[in-house]
K.L.:
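Handing you a structure now.
A quick note: this is a predicted structure, and the numbers were derived from the prediction, not measured. We name chains A, B, ... by the order of the sequence lines, and we start the count at 1 in each one.
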2 protein chains.
Amino acid sequence: MALRHAVLAALLDDELSGYQLAKAFNVGVANFWHALPQQLYAELARLETDGLVTGREVVQDTRPNKRLFRVTDAGLAELERFAATAAKPSFVRDELLVKVQTADRIGTGAVIEQLVERAEFAAAKIELFTSLLEKIRGDRDEEDFLLHGTRIGPYLTCLRGLAFEQGNKDWCERSAAVLRARRSAEV
Amino acid sequence: MALRHAVLAALLDDELSGYQLAKAFNVGVANFWHALPQQLYAELARLETDGLVTGREVVQDTRPNKRLFRVTDAGLAELERFAATAAKPSFVRDELLVKVQTADRIGTGAVIEQLVERAEFAAAKIELFTSLLEKIRGDRDEEDFLLHGTRIGPYLTCLRGLAFEQGNKDWCERSAAVLRARRSAEV
DNA sequence: TCTGAATAGTCACTTTCTTGAGTATGATGG
DNA sequence: CCATCATACTCAAGAAAGTGACTATTCAGA
């Protein structure tokens with residue numbers, strides 16, 4: 001019963017189809033939640049039967065028809081209730097970190113490659129989030145926007161995502177450099 | 001089949017009981033993986049039948065007896081194989097971020113409290129990781145240790161954990177301050 | 001002396017997630 | 001003209017994870 005709130009939170013700003021929601025879960029929403037499209041479609045169906053979202057059919061001629069969902073008053077009340085309960089500690093699952101943990105006991109060639117890839121991926125996210133933040137705040141400066149702007153929630157979570165990816169990039173580059181240096185030292 | 005590698009990685013440095021492993025998954029290992037004790041006991045049993053770890057009974061008189069597990073050669077080979085496969089992207093799940101995402105649509109009192117709590121929790125982790133890093137590297141300086149030390153894997157993942165918690169703390173404090181300022185502005 | 005926490009686990013049940021496949025159409029690129 | 005990608009979803013099966021309760025002993029604190 002936790003994906004449910006992530007979906008409601010994601011739908012709060014825009015009316016989205018399941019497909020669009022799935023894409024949102026691959027970029028911005030991925031800063032705080034992870035889910036596959038199948039889960040999202042299933043969760044949307046449950047949310048609708050529970051009356052927390054409503055869907056409306058949109059007929060398209062050049063594309064398959066779609067259903068757009070928005071949060072109902074009951075959905076907003078559910079989020080309100082959720083915000084008041086204690087949050088579970090965050091959790092991370094990262095295979096790459098598992099691999100690095102074993103780095104002094106196994107061959108590191110493949111791990112170094114993956115660290116480089118991950119650093120590049122993080123760099124791309126950094127660019128994405130940077131421009132997304134600019135877009136949200138428009139021409140205001142950050143202080144002003146944070147105090148008086150709307151859509152402050154998505155802005156703040158995006159800031160967290162940016163810092164996370166920055167940390168990721170720095171760490172991946174550092175770790176790759178260290179492992180490379182050890183490989184040449186070891187010969 | 002992914003918890004499996006996290007368990008192997010955690011057992012690589014020390015021979016641990018299920019109970020000790022569970023505690024490890026609450027601190028250092030939590031930087032890259034999350035699991036409950038029941039899962040760990042079950043996974044250890046599977047790993048043992050698969051020959052990737054071996055357990056030995058240790059009789060204690062003041063405490064209940066325990067079984068200590070260590071990674072076998074087959075287990076190490078499995079980690080080697082795992083390191084060579086492509087890593088899935090990391091994923092995060094954080095209820096607190098979900099709540100912040102909704103911050104401009106709901107009452108923020110409870111969320112601010114939780115941000116403060118989380119910041120304090122992060123501060124405690126920062127201290128823990130800082131002293132853990134010092135303990136691992138002893139009196140060497142970091143550059144020297146990273147190039148020539150042993151147990152480099154745990155050191156690197158701990159560095160990531162430290163940076164993550166630092167980012168967490170900064171973001172929580174900043175966000176709490178922003179939401180507080182908006183509350184007083186709104187009156 | 002009683003309570004609660006720490007050690008060291010086990011069992012059963014339920015929910016959630018992942019894997020993999022399948023449907024159908026239109027647009028894009030070579 | 002054909003292949004592939006993007007849109008927009010659905011279904012089923014199996015693996016993984018989470019919830020909650022339970023056993024048993026020892027130590028520390030009120």
K.L.:
Specify the separation, in whole Å, of atom CG of L21(A) and atom C1' of dC9(D).
P.N.:
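The answer, rounded to whole Å, is 13 Å.
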K.L.:
Can a cation-pi geometry be assigned to R160(B) and F164(A), taking NZ or CZ under 6.0 Å from the six-membered ring centre and within 45° of the ring axis?
P.N.:
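Geometry flag: set, cation within 6.0 Å and 45°.
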K.L.:
CZ of F25(A) versus C1' of dT16(C): gap in Å, rounded?
P.N.:
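Whole-Å distance recorded here is 14 Å.
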K.L.:
Does this structure show an ion pair linking R56(B) with E48(B), if we count only N-O contacts that are shorter than 4.0 Å?
P.N.:
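So R56(B) does not pair with E48(B) through a salt bridge.
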K.L.:
Send over the distance from L3(B) CG to dT18(C) P, rounded to a whole Å.
P.N.:
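L3(B) atom CG is separated from dT18(C) atom P by 14 Å.
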K.L.:
Taking the basic N atoms (NZ, or NE/NH1/NH2) and the acidic carboxylate oxygens, is any pair closer than 4.0 Å for R174(A) and E142(B)?
P.N.:
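Here R174(A) pairs with E142(B) in a salt bridge, since their nearest N and O are under 4.0 Å apart.
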K.L.:
Distances under 3.5 Å between protein N/O atoms and the N/O atoms of nucleotides 11-13 of chain C, please, pair by pair.
P.N.:
none

K.L.:
Salt bridge between D104(B) and R151(A), side-chain N to carboxylate O under 4.0 Å?
P.N.:
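A salt bridge is absent here (no side-chain N lies under 4.0 Å from a carboxylate O).
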K.L.:
Given the rule that I, L, V, M, F, W and Y join up when any side-chain heavy atoms are under 4.5 Å apart, are Y41(B) and V7(B) in one cluster?
P.N.:
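No, Y41(B) does not connect to V7(B) through the hydrophobic network.
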K.L.:
Salt bridge or not for K169(A) and E120(A), using N-O below 4.0 Å?
P.N.:
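Judged by the 4.0 Å cut-off on N to carboxylate O distance, K169(A) and E120(A) do not form a salt bridge.
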K.L.:
Please check the phosphate of dA15(D) (OP1 and OP2 only) for any side-chain N or O of R4(B) closer than 4.0 Å.
P.N.:
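It does not, given that no N or O in the side chain of R4(B) lies less than 4.0 Å from OP1 or OP2 of dA15(D).
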K.L.:
Check whether any side-chain nitrogen or oxygen of K23(A) sits under 4.0 Å from OP1 or OP2 of dT7(D), and answer yes or no.
P.N.:
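The answer is yes; a side-chain N or O of K23(A) sits under 4.0 Å from OP1 or OP2.
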K.L.:
Examine L68(B) and Y19(B) and state if one hydrophobic cluster contains both, with Ile, Leu, Val, Met, Phe, Trp and Tyr joined whenever side-chain heavy atoms are less than 4.5 Å apart.
P.N.:
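Per the 4.5 Å side-chain linkage, L68(B) and Y19(B) are not co-clustered.
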K.L.:
Run the salt-bridge test on R118(A) and D94(A) with the 4.0 Å N-O cut-off and return the result as yes or no.
P.N.:
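Counted as a salt bridge, because a side-chain N and a carboxylate O are separated by less than 4.0 Å.
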K.L.:
Using five base pairs at each end to define the local axes, how bent is the helix from dT1(C)-dA30(D) to dG30(C)-dC1(D), to the nearest 10°?
P.N.:
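If I round to tens, the end axes sit 50° apart.
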K.L.:
Is there a side-chain polar atom (N or O) of H34(A) under 4.0 Å from OP1 or OP2 of dT18(C)?
P.N.:
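Indeed, a polar side-chain atom of H34(A) lies that close.
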K.L.:
Picking from dT19(D), dT7(C), dA6(D), which would you name as closest to the side chain of L36(B)?
P.N.:
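That would be dT19(D).
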K.L.:
Say whether V29(A) and F82(A) are linked into one hydrophobic cluster, either directly or through other cluster members, by side-chain heavy-atom distances under 4.5 angstrom.
P.N.:
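Same cluster: V29(A) reaches F82(A) through Ile, Leu, Val, Met, Phe, Trp or Tyr contacts under 4.5 Å.
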K.L.:
Taking CD in E80(A) as the centre, count heavy atoms belonging to other residues, nucleotides or ligands within less than 6.0 Å. Is the count above 12?
P.N.:
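Yes.
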K.L.:
Of the residues in residues 39-68 of chain A, which ones touch DNA chain D at a heavy-atom distance under 4.0 Å?
P.N.:
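Y41(A), Q60(A), R63(A), P64(A), N65(A), K66(A), R67(A) - these, ordered by number, are the residues of the stretch whose heavy atoms sit under 4.0 Å from the strand.
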K.L.:
Taking the side chain as every heavy atom from C-beta outward, state whether K66(A) and Q60(A) have any atom pair closer than 4.5 Å.
P.N.:
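K66(A) vs Q60(A): side chains touch.
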K.L.:
Within the structure, does a side-chain N or O atom of S17(B) lie under 4.0 Å from either OP1 or OP2 of dG9(C)?
P.N.:
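True: S17(B) side-chain N/O within range (under 4.0 Å) of dG9(C) OP1/OP2.
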K.L.:
On the nucleotide dT7(C), are OP1 or OP2 found under 4.0 Å from the side-chain N or O atoms that Y19(B) carries?
P.N.:
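The answer is yes; a side-chain N or O of Y19(B) sits under 4.0 Å from OP1 or OP2.
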K.L.:
Can you tell me how far C1' of dT18(C) sits from CZ of R93(A), to the nearest Å?
P.N.:
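The answer, rounded to whole Å, is 12 Å.
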